[in-house]
Amino acid sequence: MADLDSAFFAAREVERGASWAEEIQGEWKLEETERSAFRASLVSWFQQQQRDLPWRATRDPYAIWLSEIMLQQTRVETVIPYYHRFLERFPTVRDLAAASLEEVLSLWSGLGYYRRARMLHQAAQVVVSEHEGEFPSTHKDLLSLPGIGRYTAGAIASIAFSEEAPLVDGNVFRIFARLFSLTDAIGSKELERACWQLAASLVRGESPGDLNQALMELGATLCFPKKPSCLLCPVRAWCRSFAAGTQAELPTPKAPKETPIWQVMWGLFVEKGRVLMIQRPHAGLFAGMWEFPGLYRAGEEAISAQEWDDTLAEMGIKAAIPPSSAKPYKHILTHRQLAITTHTILQWEKMEPSVPFRWVELAHLGELPISSIVRRVLHDLAADSLGG
DNA sequence: AACTCGGGGCA
DNA sequence: TGCCCAGAGTT
C-alpha cells in the first residue's frame, strides 16, 4: 500500500505541501493564494461528498443548536434518533422552554452527559425570556448561553449565520496535527492554541460554515484516528505528515488516565409489578436521574452487609430478609468503572423513604429520566418477573 | 490546569 | 480491552 501511495502521489505535490506547512508552523501565517487553494479543495470535496445528515437539511438555528449540543462528545449515529424525537416533541425553542425539566431529561435518557439536557432547557428559557424567542445570531451572544462554549458558538455562528467564526473539535485537532505535523499531545495547551489559531486563519472567506463542517467531515469520513484514507483525501497535497509518512503516528495521544473502580449496590424492591425508584441529587453523577435505593463507594472490595444496612436505614428502608439473588453488572464510564450488584427484595419491615421516590410500573417505564445502565437493569427485572 | 460528567462502537 | 467521539462547566 505504501508503494501504491507513492506511485499515486506526485512528488511535486509533496514538496508543495511541505513548504506550505513549514510556513504555517513558523509564523502561523499563510499566503492567501495557498489558503484559498486549500479552502477550495476542501470545501469542494465537502459539497460533493458530505453525508446526508438530518441537521444539514435545515437552516433553523434552533435545530442546528439542538444538534450541536447532542453531538458534544457523542457520535453522529447515536444522536440521530434523539434529534428526531426532540424536534418532533419540541418543534420550536418555545416548546422546549415550556416543557418540564423532567420531560427533557426523559427524552435525553440514554444519551449521557445529562448536564447538557439541563443547560439545553435553561438556554431555551433564556432565549424566550431575554431574546423574545429569537435565537441569538452572533458568536458573542451565543457564548453567553448555558451549555454553549467555544466550539458550539463557532458551529452555530458559522453554520446557521455564516459568521467567520472558527471551531475546533476532536476531528479538527487530529486533522491539524497531521496537516502541520504538530507533535504536541492531544489535550495540551500548545496544541489547543495552535489549532484554534489555524482554524481562525482558515475560516476567513466565503461559506465559513461549509469550511468548518468540511474539516469535521474530513475527520469523520477519511482522516480516521487509525488508518486514515489518505488516498481519498482532498487536501493531502498540503499534508506534511502524509509527505513524511508519519500520519498514522499523529496526533500524539494524551497520557491515559486511571479509571478507579466503584462499588454499587442497588435494592430492587418489587411489589405488585412495581419497583421502588428514588431520584438522585440534581448535581453530580447522573444528576436528577432516577435509580434504585442503594449506595456507591470507591474501592475494590465488595460492599458489606453492614454498609448496606446502614445506608438503607438512613433512607428509611429496612428489608425483612438479607439480600439474596445477587446479580452483577459492569458499567464503564469515562472516568470510573461501576461494579454493580443488584438484589431483588420482595419483603421489607420499614418503607418510609426519606428521599424523593416513586413506585414505577414495570410495564411502562419510558416516561422516567433514567440512565442507560438503570434501563438495562429494569429491562432484566421485567424479563425475570414476567418470565418466572 | 485538572477534574467532572455517559455511553457506545470498533479494531 | 483501549480509544475516542462535532465539549462545557467547575474548582
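Lettering follows sequence order; numbering is per chain, from 1. Computed from a predicted structure; not experimentally measured.
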Visitor: About how many Å separate OG of A:S201 and CH2 of A:W196, when rounded to the nearest 0.5 Å?
Guide: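 Going from the CH2 atom of A:W196 to the OG atom of A:S201 covers 13.0 Å.
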
Visitor: Consider only side-chain N and O atoms of A:T74 and A:R116, and report whether a donor and an acceptor are under 3.5 Å apart.
Guide: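 Yes, a side-chain donor-acceptor pair sits under 3.5 Å.
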
Visitor: Starting from the 5' end of DNA chain C, give me the residue, A:R56 or A:L143, whose nearest nucleotide shows up first.
Guide: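 Of the two residues, A:R56 wins.
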
Visitor: Which nucleotide wins on minimum distance to the side chain of A:K189, given the candidates C:dA6, C:dC3, B:dA1?
Guide: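 Nearest to the side-chain atoms of A:K189, counting from C-beta on, is B:dA1.
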
Visitor: Tell me what A:W55 touches on the nucleic acid: a base, only sugar-phosphate, or nothing, going by heavy atoms under 4.0 Å.
Guide: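 Since a base atom lies under 4.0 Å of A:W55, the category is base.
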
Visitor: Could you walk me through whether A:E271 and A:W359 pass side-chain contact (heavy atoms from CB on, under 4.5 Å), step by step?
Guide: CA-CA 9 Å; A:E271 178 189 62; A:W359 288 96; 4.1 Å; yes

Visitor: Can you tell me how far P in C:dA8 sits from the matching atom in B:dG8, rounded to whole Å?
Guide: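 So the two P atoms sit 22 Å from each other.
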
Visitor: Starting at atom CZ of A:R336, determine the distance to atom P of B:dG7, rounded to an integer number of angstrom.
Guide: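 Rounded to whole Å, this separation is 12 Å.
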
Visitor: Rounding to an integer number of Å, can you tell me how far A:M70 CE sits from C:dC5 C1'?
Guide: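 Distance, rounded to whole Å: 16 Å.
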
Visitor: When we call it a touch if two heavy atoms are under 4.0 Å apart, what does A:P146 touch: a base, just sugar-phosphate, or nothing?
Guide: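 Sugar-phosphate only.
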
Visitor: Expressed in angstrom and rounded to an integer, what is the separation of A:E190 atom CD from B:dA1 atom C1'?
Guide: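 Roughly 12 Å, once rounded to whole Å.
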
Visitor: Choose from B:dC5, C:dA8, B:dG7 the nucleotide whose nearest atom is closest to any side-chain atom of A:S371.
Guide: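 Among B:dC5, C:dA8, B:dG7, the one nearest the side chain of A:S371 is B:dG7.
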
Visitor: For nucleotides 9-11 of chain B, give me every protein contact, N/O to N/O, under 3.5 Å, one pair per line with atom names.
Guide:
none

Visitor: I'd like to check A:R178 versus A:F242 (side-chain heavy atoms, cut-off strictly below 4.5 Å). Are they in contact?
Guide: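 Of all side-chain heavy-atom pairs linking A:F242 with A:R178, none is under 4.5 Å.
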
Visitor: Would you say the side chain of A:T74 and the base of B:dG6 hold a donor-acceptor pair, judged only by whether the two atoms sit under 3.5 Å apart?
Guide: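 Such a pair is found, so the answer is yes.
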
Visitor: It should be established whether A:Y113 places a side-chain nitrogen or oxygen under 4.0 Å from OP1 or OP2 of nucleotide C:dG9.
Guide: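 A:Y113 to C:dG9 OP1/OP2: no side-chain N or O under 4.0 Å.
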
Visitor: Closer than 4.0 angstrom, basic N to acidic O: yes or no for A:R56 and A:E217?
Guide: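 A:E217 and A:R56: salt-bridged.
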
Visitor: A:H335 side chain N/O closer than 4.0 Å to the phosphate oxygens (OP1, OP2) of B:dC5?
Guide: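 It does, given that an N or O in the side chain of A:H335 lies less than 4.0 Å from OP1 or OP2 of B:dC5.
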
Visitor: How many Å lie between CG on A:L71 and P on C:dA8, as a whole number?
Guide: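 Interatomic distance, CG of A:L71 to P of C:dA8: 12 Å.
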
Visitor: Roughly how many Å is it from OH in A:Y296 to P in B:dT4, rounded to a whole number?
Guide: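 Interatomic distance, OH of A:Y296 to P of B:dT4: 16 Å.
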
Visitor: Need one value for A:G284: base, sugar-phosphate or nothing, where a base atom within 4.0 Å counts as base even if backbone is also close, heavy atoms only.
Guide: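 Sugar-phosphate only.
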
Visitor: Of the options C:dG7, C:dG9, B:dC5, whose atoms approach the side-chain atoms of A:M119 most closely?
Guide: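 Nearest to the side chain of A:M119 among the choices is C:dG9.
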
Visitor: B:dA1 P sits how many Å from A:L191 CG, rounded?
Guide: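 Taking CG of A:L191 and P of B:dA1, I get 14 Å after rounding.
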
Visitor: Any idea which of C:dG7, C:dA6, B:dG7 is nearest the A:R51 side chain?
Guide: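 Within the option list, the nearest is C:dA6.
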
Visitor: Check whether the side chains of A:E102 and A:S106 place a donor and an acceptor atom closer than 3.5 Å, and report yes or no.
Guide: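 No, because no side-chain N or O of A:E102 sits under 3.5 Å from a partner of the opposite role on A:S106.
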
Visitor: With a cut-off of less than 4.0 Å, is there a side-chain N or O of A:Q73 near OP1 or OP2 of C:dG7?
Guide: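 Answer yes for this pair, as a side-chain N or O of A:Q73 is under 4.0 Å from OP1 or OP2.
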
Visitor: Which is true for A:L167 with a 4.0 Å heavy-atom rule: it touches a base, it touches only sugar-phosphate, or it touches nothing?
Guide: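 Since no nucleic acid heavy atom lies under 4.0 Å of A:L167, the category is nothing.
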
Visitor: Hey, which of these two, A:H331 or A:R115, hits DNA chain B nearer its 5' end, going by closest nucleotide?
Guide: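 Looking at the nearest nucleotide for each, A:R115 comes out on the 5' side.
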
Visitor: Given C:dA8, B:dG6, B:dG8, which nucleotide is nearest the side-chain atoms of A:S372?
Guide: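 So the nucleotide nearest the side chain must be B:dG8.
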
Visitor: Are A:F161 and A:I64 joined in one hydrophobic group, where the rule is that I, L, V, M, F, W and Y side chains link up if heavy atoms are under 4.5 Å apart?
Guide: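 In one cluster: no.
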
Visitor: Mind checking if A:I159 touches a base, just sugar-phosphate, or nothing, with heavy atoms under 4.0 Å?
Guide: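 If one applies the 4.0 Å heavy-atom cut-off, A:I159 turns out to touch nothing in the nucleic acid.
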
Visitor: Could you work out the separation of C:dA6 and B:dC3 based on their C1' atoms and round it to a whole Å?
Guide: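 Each nucleotide's C1' atom is 22 Å from the other's.
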
Visitor: Taking the basic N atoms (NZ, or NE/NH1/NH2) and the acidic carboxylate oxygens, is any pair closer than 4.0 Å for A:K189 and A:E192?
Guide: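 Here A:K189 pairs with A:E192 in a salt bridge, since their nearest N and O are under 4.0 Å apart.
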
Visitor: To the nearest Å, give me how far apart OH (A:Y82) and C1' (B:dG6) are.
Guide: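 Atom OH in A:Y82 sits about 10 Å away from atom C1' in B:dG6.
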
Visitor: Roughly how far, to the nearest 0.5 Å, is the CD1 atom of A:I80 from the CZ atom of A:R85?
Guide: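 Here the interatomic distance stands at 12.0 Å.
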
Visitor: Figure out the CG/P separation between A:L111 and B:dG7, and round it to whole Å.
Guide: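 The answer, rounded to whole Å, is 9 Å.
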
Visitor: Could you work out which one of C:dC3, C:dA6, B:dG7 sits closest to the side chain of A:L333?
Guide: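 Nearest nucleotide to the side chain: B:dG7.
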
